[in-house]
Amino acid sequence: MRHTIAALVENRPGVLTKVSGLFSRRRFNIESLAVGVTERPDISRITIVVAGDSTVLEQVLKQLNKLIDIIHVTELSSKNSVSRELALIKVAVDSGTRSEVMQIVDVFRAKIIDVTTDSLIVEVTGDRSKVAAMEQLLSRFGIKELVRTGDIALHRGSVTAEAIIAQQSDL
Amino acid sequence: MTNNITGAKALIESLKKENVEVIFGYPGGAMLPIYDELFDADIRHILVRHEQAAAHAADGYARATGKTGVCFATSGPGGTNLVTGIATAYMDSVPIVAVTGQVPRSLLGVDAFQEADITGITMPITKHNYLIKKAEDIPRVVKEAFYIASTGRPGPVLIDIPKDVTTDLLDFNYPKEVNLRSYKPIVAVNIEQLKQAASLITASEKPVIYAGGGIIISHAAEELLRFAELIKAPVTATLMGKGAFPDAHPLSVGMPGMHGTKYANYAIQESDLIIAVGARFDDRVTGKLESFAPSAKIIHIDIDPAEIKKNVRVDVPVVGDAKTVLTKLTSLIKQHQPKTSEWLKRVNKWKKDFPLHYKKNDMIKPQYVVECIYELYPDAVIVTEVGQNQMWAEQYFTYAKPRTFISSGGLGTMGYGFPAAIGAKIGRPDATVIDIAGDGSFQMNSQEIATAVQSEIPVVVAILNNGYLGMVHQWQELFFEERYSSTVIEESVDFVKLAEAYNAVGLRAVKPEEVKPILKEAVESGKPTIIDFIIDKTENVFPMVPAGAAINEIIDPE
């Protein structure tokens, strides 16, 4: 079972190490981890996809909460949130296959962001299954390199980090 | 507000604001400006002989007093030598603040002389740590460090300070309050959970209270006593919970788990309700998890939500401070008429049928030494090393009060006892402090005799000398066909001469009748004293649950 966790953390050196170190020493499996600063420069958001049953998820959330630099941790379910991943895929092409690849890119509403005589770099954004489908379709042309950001996710609707932190500070 | 003082002075001033009365430490290049400030400061500094001992002494001081212990070490090896002590404190939730020197900021990350990434190294064994980059952060960081170390589930906090930060100037203004949006240790107890707990308790006919170190940390011994007497349930206190409930109380069933009493383990296994308070279902307590307390519902009261459901299934979780929760729970069920008389009869029968036991002969038995210590000094603070000595000290001394049994439970750190005893004695100068030691463990920090002598700290070390690394030797005897690989150390050191070489008192006893007089001589000497008790080497620690067995599958030879 795969769970997406959103953590709002103090934007300080070492925080990411604390989070990733916690995962490795507690034997939690990270599928992906994405981190970046939020609309508030003092706060970063870490999106972690973790594999495990509900007991594992509960421990992950509780252990993360114990880290002093973590302001808030929550699970984002597929119902209450939207998630996206971006991938760059370098595909081998020649004059015979280039147009076919471009058609696939078109159908997926992806983009070509680099072109050479023997390769293309495709930029695709979507949920996990879309990126996987894209990868699979392109694989028969020969994928030379691939990089993906890992999932990033946000709560749907009016729930915001700002609101969560304000609530936290009132306690 | 004081203008233009150095970072070093700001550190010492901050520690004074936290009412620090003693620091255990060892100087070094990166700590020179701080030690220079300490030279004139009104804070006692105990110079140890190895930084590991500074951390253990701060820990022993904290456990004996309930205050936060402080230790200092320099950069690089100074910090890395603290690591075992910090990990020990972390595992047993002991509040200490460790301050380490660091290379100057310009040299950070270039593998400079005596540079070690101590915040990186201690990340998994501290509750939190800091690398201070600006002198003006010192007061805030110290304030936060003491707050984090001592609140919620306590633990060690490390502060790493580059040398040039300690010479930079700042305007000193000690914050009145901590402002940490990401750390809120005080939680309101959930009343619904309390009610659920109450209804399980009132329905139970075979309850067991399983009390851990959280009782001691939260000063909840009285509340525990009142609660236990109200619901008339047997109480099993863990190694960390020793002293949380009086051993001599009729409801006490001693320690659970691997070297617990038979009757505590039987009670747990037959119980219909386990009420865990400030305990964490450690593997040494539960034995084989699948067979642990098979018929019991479990109420788990702990201040750390992450402990709940970490190891065992829990029917009713209650997150909160033990003292608060027990008070509320007791008042919620104060009309309760317990239905436990049959159960207590059964437990008392086990108690009578399966007591702790050993056979006397003409040699000194380690259990007898511990019993003599209790007979002569029932109010002593007992500190232990780790291994057989630790278990005998737990089993044969009758503890009555919190903070009288100080031992490395979670990490099981050999070498802990002696420096921790030094710290405990500093914190409790009027108490008789006795380190019950093994000849193996004691040698891991025996250099601290020099510390005790130089700083005139009259602790007594009672070495139960069997010439073995006894606990491992016992396992080899029982489970490895008596192949004693690297566990025989007999006659490798003369502890009396060792003590005398350090200008401490060294004594030796070889016959049972010598035990009491020599203990008296040691305590009355008023000096650091090492007693070498030559004990019957065939003696082992029983009862014993073999690793991986259920806790009622307990070995206890006649």
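The sequence lines fix the lettering, A, B, ..., with proteins before strands; numbering per chain opens at 1. All heavy atoms count here, side chains included; hydrogens, waters and symmetry mates do not.
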Starting at OG of B/Ser182, measure out to CG of A/Leu67 and round the result to the nearest 0.5 Å. 9.5 Å
Looking at side-chain heavy atoms only, is the closest gap between B/His128 and A/Lys18 below 4.5 Å? yes
Taking only heavy atoms into account, what residues of residues 122-144 of chain A are found under 4.5 Å from chain B? none
In this structure, which one of A/Asn65, A/Asp69, A/Ile68 forms a side-chain contact (heavy atoms from CB on, under 4.5 Å) with B/Tyr183? A/Ile68
Interface residues of residues 44-58 of chain A facing chain B - heavy atom cut-off under 4.5 Å: A/Thr55, A/Glu58
Kindly give the heavy-atom pair with the smallest separation between A/Lys62 and B/Pro305, and that separation in Å. NZ-O, 2.9 Å
Taking B/Asp304's backbone N and O only, do any of them form a donor-acceptor pair with A/Lys66's side chain (distance below 3.5 Å, no angle check)? no
Can you tell me if CG on B/Asn179 sees more than 12 non-hydrogen neighbours from other groups inside 6.0 Å? no
What option among B/Glu307, B/Lys133, B/Lys310, B/Lys127 has the most heavy-atom pairs under 4.5 Å with chain A? B/Lys310
Do other residues, nucleotides or ligands put more than 12 heavy atoms under 6.0 Å from A/Ile152 CD1? no
Could you check whether B/Arg181 pairs with A/Glu10 (Lys NZ or Arg NE/NH1/NH2 to Asp/Glu carboxylate O, under 4.0 Å)? yes
Compare every heavy atom of A/Gln59 with every heavy atom of B/Ala306, then report the nearest pair and how far apart it is. O-NE2, 2.6 Å
Only counting residues at least two apart or in another chain, list the ones meeting side-chain hydrogen bond (donor to acceptor under 3.5 Å, both in side chains) with A/Ser32. none
Residue by residue, scan residues 137-161 of chain B and write down, ordered by number, those that have a heavy-atom distance under 4.5 Å to chain A; if none do, write 'none'. B/Ile148, B/Arg153
Of the backbone (N, CA, C, O) and the side chain (C-beta and beyond), which part of B/Ile186 lies under 4.5 Å from a heavy atom of chain A, both, or neither? neither
